[in-house]
Amino acid sequence: MSILERSWIVVALVASLAGPEAEVREVIEAYFRADALGSAEELKRVLGGAPLVEKRGSQWVRVTPEAIAARANGLAADESRRVRRVESLRVHAGEASVVLTVESPRDRREERLTLRPADGGWRIVSDRRETRSKPSPAQQIQSLRAEMMKPVQPFRLLGNIHYVGANGLSAFLLTTPAGHVLIDSGPVEMLPMLERNVEALGFHLADVKLLLNSHAHYDHCGGFAELKRRTGARVLASEADGAEMERGGRGDFAYGDDYTYEPVTPDQHIGDGERVQLGGLSLTATLMPGHTRGCTTWTTRVEEAGRTYDVVFLCGLTVSPFKLTNNPSYPALVADVRRSIARARALPADVMLAAHGFWFDLTGKAKRLAQARKRGDGANPFIDPGQLGRHLDELERDLDESLAAQERERAP
Ligand SMILES: [Zn+2]
């Protein structure tokens, strides 16, 4: 068969399918309307006596259109809250199979309908529906936290930098003979893990002298108040993020009062370009407002095997989930974050580390580092001069897409 002949068959097939598909779609639309109306009469008309069964636990139970209608609570409220979608529609051998979903903020219903031709049109002959409740926002946060808080074997990352955080929430211990610097603590519930990690590497939490922070959100400095009490370490923070720490995360421009923590007052404010020193270690702060107003990127140089490396602890520049334009609580947000991204690009970075492990492939690199050390070949995957640029490219793409989407939404 020639290509031409074959393509004619395809065209013929498509043409013959378009007819019944369109007809089936019409029936489904009528069904959606009846469902939205919550009218037993409409449902009966569309279903025409077809059995409607519903899964309850492990049982399939037959339900009447009246029972379905009794659950509906008014057209207007219903229509505005629900999303109805045809997930798949197949017509084959004189039978149509349709999978559709109806989503509300509380649950997601999946329905499998079978239709057959009747009286020159199509009729629903069976409907099996299954409703699953969605996790509540609190449950969603809970499961996200569990994922973020998964333990990670602590390890020496490079030079005097040690990773002592969890899977998704970073904490870096920089050791010196004069005591240690900790960059980020994670939330307060991460402290027992943090302490175990520090001890496992042969260090002591009590020797932490300085607490530095990427940005003043609960998941990065929620443990500071408790750590400060226990160790007497000094907290250094930018003025803007220091103020947010003093409010315990309240009044955050993006999250409001949603993610609060025990307030802590910084012992000292750190300005843009200022340096912090301890036991021969020197860290420079670069302020990168955006994700928070005082987001702070720390940079340092470390030595390993006779070579020196530039290390960047990126504060976090994600803003795409936030309200980007006409945001009265942060009008200059987009301009600020663009400037911050440009400043981050200019930083020399043999090694890029950050407040969340997934921004620099913590898990993958840690695994490869452990393998390299076992082999004794000295390779260190964290030395990756392209990492910062790749991450910033991704951030910029996200920002542009989110901006475009938000502008589309605002357009009439
Ligand atoms: Zn944050």
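The analysis underlying the following values was restricted to heavy atoms, covering all of them including side chains, and did not include hydrogens, waters or symmetry mates. Indexing begins at 1, ligand by ligand and atom by atom, following the structure's order. Quick note: residue numbers are just sequence positions, from 1.
A ring pair (Phe, Tyr, Trp, His ring centres under 6.0 Å) with His217 holds for exactly one of Phe253, Tyr259, Phe224, Tyr255; it is Tyr255.
With contacts defined as side-chain heavy-atom distances shorter than 4.5 Å, the pair Val53/Asp127 does not qualify. Residues Phe313 and Thr300 are in side-chain contact: their nearest non-hydrogen atoms beyond the backbone lie under 4.5 Å apart. Within the 4.5 Å cutoff, the side chain of His180 has no heavy atoms near those of the Asn160 side chain. Side chains of Leu115 and Arg123 form no contact here, defined as non-hydrogen atoms less than 4.5 Å apart.
Look at Asp267 and Lys228 and you find a salt bridge, because one of the NZ, NE, NH1 or NH2 atoms lies within 4.0 Å of a carboxylate O, short of that distance.
Of all protein N/O/S atoms, those lying under 2.8 Å from the Zn ion (ligand 1) come to 3.
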